[in-house]
Each structure stands twice: as C-alpha cells, then as structure tokens.
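Values reported hereafter were calculated over all heavy atoms of this structure, with side chains retained and with hydrogens, waters and symmetry mates removed.
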Amino acid sequence: MATFLIAEYEDLPLGKGNQERPFAPLVPLVSQAPITIGAASVQSAAFSQKTRYVRFSAGAVVCIEGGSNPAATVSSVTRMPADGVEYFQVNPGDKVAVIAG
C-alpha cells in the first residue's frame, strides 16, 4: 500500500536577502505516522503548535485538503502526483486530509 508522509517544520532556512529557501532541514520538528492512501478520506494528526511549514510526500496520486477538520475528495483542488514532494505553509493545529486521486 502507498503511504503519505508528513514532516513538520517551525522555520525554513533563510537565504540571501532573508528569503526563505525552497528546502528544509534534514531533521524535522515532527514526523507524523504514515497515512495509508486509499479510497476514503483520512485525516492526519493536528500539526504542532510550533509548525509553520510541512513537507508532504505521496507514494501514489493523491488529492488533499487542509484545515481544522478537512475532508479530501477526488475533486479537491490540490493534487499531488505519485512520488511527489511538496512544501506548504500551514496553521498550527490544522490537519491535512488525503484521498487516492
């Protein structure tokens, strides 16, 4: 079964001109338990109160939704490809929901 991985970060490194760089430290603030990707929407655990950024890694095509009580559908606007990796800015305490796309 394919999985969806979540790494949480408090900050991203700053580069020239204090611009955030498009990469994260090797060791995250929190590594959540993998989510099994399937035909039903599954929510993550709530992000840490220190989390501002997340790195998502999808082992299959997925659709995702974020928020305090999200539910992903195959019509969700944010879609990730199989073996895709994306970084997002998030709100502490929010969650992400994932469904096979």
Side-chain angles (χ1 to χ4, degrees):
M1 295 222 101
T3 57
F4 186 79
L5 304 174
I6 303 168
E8 302 181 31
Y9 300 93
E10 185 172 5
D11 292 307
L12 294 179
L14 296 179
K16 196 174 188 179
N18 287 331
Q19 296 292 322
E20 291 173 344
R21 296 180 180 179
F23 57 84
L26 179 61
V27 179
L29 176 69
V30 175
S31 291
Q32 289 201 18
I35 295 173
T36 300
I37 298 168
S41 178
V42 179
Q43 283 188 1
S44 69
F47 302 135
S48 161
Q49 289 303 306
K50 292 183 177 183
T51 297
R52 301 292 183 273
Y53 301 93
V54 290
R55 177 184 184 268
F56 296 149
S57 177
V61 176
V62 294
C63 295
I64 62 175
E65 288 286 343
S68 61
N69 187 26
T73 69
V74 295
S75 300
S76 294
V77 175
T78 305
R79 185 174 184 268
M80 290 181 60
D83 300 320
V85 174
E86 294 280 351
Y87 289 88
F88 292 95
Q89 185 173 1
V90 296
N91 295 314
D94 276 358
K95 303 173 187 175
V96 65
V98 182
I99 192 170

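In terms of heavy-atom proximity, Val62 sits nearest to Ala58 at CG2-CB, 3.8 Å. The heavy-atom pair separating Gly67 from Pro70 by the smallest distance is O-CD, 3.3 Å.
In terms of hydrophobic clustering, with Ile, Leu, Val, Met, Phe, Trp and Tyr side chains grouped at heavy-atom distances under 4.5 Å, Val74 and Val61 are assigned to different clusters. A continuous path of Ile, Leu, Val, Met, Phe, Trp and Tyr side chains, each step under 4.5 Å between heavy atoms, connects Ile6 with Phe88, placing both in one hydrophobic cluster.
Annotation: the span from Ile37 atom CD1 to Thr3 atom OG1 amounts to 6.0 Å, rounded to 0.5 Å. Ser48 contributes atom OG, which lies 6.0 Å from atom CD of Glu8 (distance to the nearest 0.5 angstrom). Atom CZ of residue Phe56 and atom CG of residue Leu5 lie 11.0 Å apart, to the nearest 0.5 angstrom. Atom OG1 of Thr78 sits about 6.5 Å away from atom CD of Glu65, to the nearest 0.5 Å.
The shortest side-chain heavy-atom distance between Val42 and Phe4 does not fall under the 4.5 Å cut-off. Two residues are said to be in side-chain contact when any heavy atoms from C-beta on lie closer than 4.5 Å; Val90 and Tyr53 fail this criterion.
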Less than 3.5 Å apart, which donor and acceptor atoms pair up between the side chains of residues 91-101 and the rest of the protein, not counting sequence neighbours?
unit_1: Asn91; atom_1: ND2; unit_2: Asp94; atom_2: OD2; d: 3.4
unit_1: Lys95; atom_1: NZ; unit_2: Gln43; atom_2: OE1; d: 3.4

